[in-house]
> 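Have a look at this one before I ask anything.
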2 protein chains.
Amino acid sequence: MFQVDPMSRTPVYEQIVDQTERFILAGIINANDKLPSVRNLSVELAINPNTIQKSYTELDRRGVIYSVPGKGCFVSEDAVEKIGGNRRMKLEELKKLLIELKLAGITYRELEECLKAAYSDTLVDSMSQWEKKEDAAVEITKRGEEEQK
Amino acid sequence: MFQVDPMSRTPVYEQIVDQTERFILAGIINANDKLPSVRNLSVELAINPNTIQKSYTELDRRGVIYSVPGKGCFVSEDAVEKIGGNRRMKLEELKKLLIELKLAGITYRELEECLKAAYSDTLVDSMSQWEKKEDAAVEITKRGEEEQK
DNA sequence: TAACTGTACTATTTTATATAGTACAGTTAT
DNA sequence: ATAACTGTACTATATAAAATAGTACAGTTA
């Protein structure tokens, strides 16, 4: 599920943070789902456990996940809201990009086309933007299922 | 004209590359215009000359500028094409961002609004995105003017 | 009890970025 | 010719962020 490019200029721990938020937004992992354990994911991605922990610490700081020592890390109830809270920031980013494209000679019609295309895509199609392969299996379980005991 | 934020996460040399390309796309500097000298710009921006040179070397590598040892660096004849050559790449970036915004719960109408806004902006307004102040004067001269001799 | 979980901590390595300083050759104007 | 400019090359060093390595402790689960 998770995928990482060690050669990318964006730090690995940040790639994991981003991917986690995207998976949540896309509904691939939901509230109270358990994330892979620090050690498991570190083995799966072949990176240092501390790097994973750094990602989880950041996600916890943002309120996107909550961690229960001894049990695991779980998606917050209001994770989507916490992530979506950057609407204004992202819209600013979008505007800058649009102006760049405009200056680069891309027409309004082309962008409108692109906009329509993005919105007509299904969720599954959307996610294919981020995960090119689907090889590694990861245990993501509803916390509620296991907890009633 | 050029402005740099040393605290930014994007490297200074890259900020200069980006700004130069944007100035060219916006028509603020044109083909065969002379860029500020390495040493001048380094003094003006209070950064090391080597950093400026790194920017110019990169721009040269991209074919956006050409350098004449002993004379200076000048904007290439086909600079705009060279810069705009990343249309597909930028459109891909846009699509990813759009999908993110869609997932974050931003409506089609909101994005359409943003798109219209970006395209109704004048060039001057657009540039205000990148340069907040307009203090330092920089010598940018047509090379053609000085060359006929 | 054994195997898992998150967390904390220090030390070290690696990499990209930036700086410092020097030097050389071509250009321009006086 | 001279002085002042231009780009370029080179080595060495400094700095900060990122990642690794290793160990340890406490809570949880089967």
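Here is how names work: the chains are called A, B, and so on, in the same order as the sequence lines, proteins then strands, and each is numbered from 1. Note that the structure is a prediction, hence the values are computed from the model and not measured. Computed from heavy atoms alone, side chains included, the values below leave out hydrogens, waters and symmetry copies.
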> Is the side chain of A:E14 donor-acceptor paired with the backbone N or O of A:P11 at a distance under 3.5 Å, no angle test?
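Checking the backbone N and O of A:P11 against the side chain of A:E14, no donor-acceptor pair under 3.5 Å is found.
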> At less than 4.0 Å, is any side-chain N or O atom of B:S37 found next to OP1 or OP2 of D:dT6? Yes or no.
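For D:dT6, OP1 or OP2 has a side-chain N or O of B:S37 closer than 4.0 Å.
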> Among C:dT5, C:dT19, C:dT7, which is the nearest nucleotide to the side chain of A:N40?
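From the listed options, C:dT5 comes nearest.
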> How close or far is atom C1' of C:dA23 from atom CG of B:N50, stated in whole angstroms?
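About 13 Å, once rounded to whole Å.
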> Over all strands shown, is B:R39 touching base, sugar-phosphate only, or nothing at heavy-atom distances under 4.0 angstrom?
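Base contact - B:R39 has a heavy atom under 4.0 Å of at least one base atom.
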> Closest nucleotide of DNA chain D for A:P11 versus for B:Y56: which of these residues is on the 5' side?
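This one resolves to B:Y56.
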> Determine whether a donor-acceptor pair (N or O, by modelled atom type, separation under 3.5 Å) exists between the side chain of A:K102 and the backbone of B:A118.
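At least one qualifying donor-acceptor pair exists.
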> To the nearest 0.5 Å, tell me how far B:Q53 CD sits from B:I16 CD1.
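Those atoms lie 12.0 Å apart.
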> Can you tell me if the side-chain N/O atoms of B:S67 get under 4.0 Å from OP1 or OP2 in D:dT8?
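Checking D:dT8 against B:S67, a side-chain N or O does come within under 4.0 Å of OP1 or OP2.
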> Kindly say if B:K71 contacts the phosphate of C:dT28, meaning a side-chain N or O under 4.0 Å from OP1 or OP2.
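Answer yes for this pair, as a side-chain N or O of B:K71 is under 4.0 Å from OP1 or OP2.
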> For C:dT17 and B:T51 - does any side-chain N or O of the residue sit under 4.0 Å from the phosphate oxygens OP1/OP2?
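For C:dT17, OP1/OP2 do not have a side-chain N/O of B:T51 under 4.0 Å.
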> Once you apply the 3.5 Å cut-off to both distances, tell me the Watson-Crick or G-U wobble partner of D:dG27, or none.
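Because both required distances fall under 3.5 Å, D:dG27 counts as paired with C:dC4.
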> Less than 4.0 Å between a side-chain N and a carboxylate O, is that true for B:K95 and B:E92?
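Salt bridge: no.
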> By nearest atom, which of the nucleotides C:dT19, D:dG7, C:dA18 is closest to the B:V12 side chain?
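Nearest nucleotide to the side chain: C:dA18.
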> Strictly by Watson-Crick or wobble contacts shorter than 3.5 Å, is anything paired with C:dT19, and which nucleotide is it?
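When the pairing criteria are applied, D:dA12 turns out to be the nucleotide that pairs with C:dT19.
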> To the side chain of B:N48, which of C:dG6, D:dT8, C:dT19 is closest?
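From the listed options, C:dT19 comes nearest.
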> Tell me whether the side-chain N/O atoms of B:R9 come closer than 4.0 Å to OP1 or OP2 in C:dA16.
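It does not, given that no N or O in the side chain of B:R9 lies less than 4.0 Å from OP1 or OP2 of C:dA16.
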> Is the phosphate of C:dT17 approached by B:Y13 (side-chain N or O, under 4.0 Å from OP1 or OP2)?
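True: B:Y13 side-chain N/O within range (under 4.0 Å) of C:dT17 OP1/OP2.
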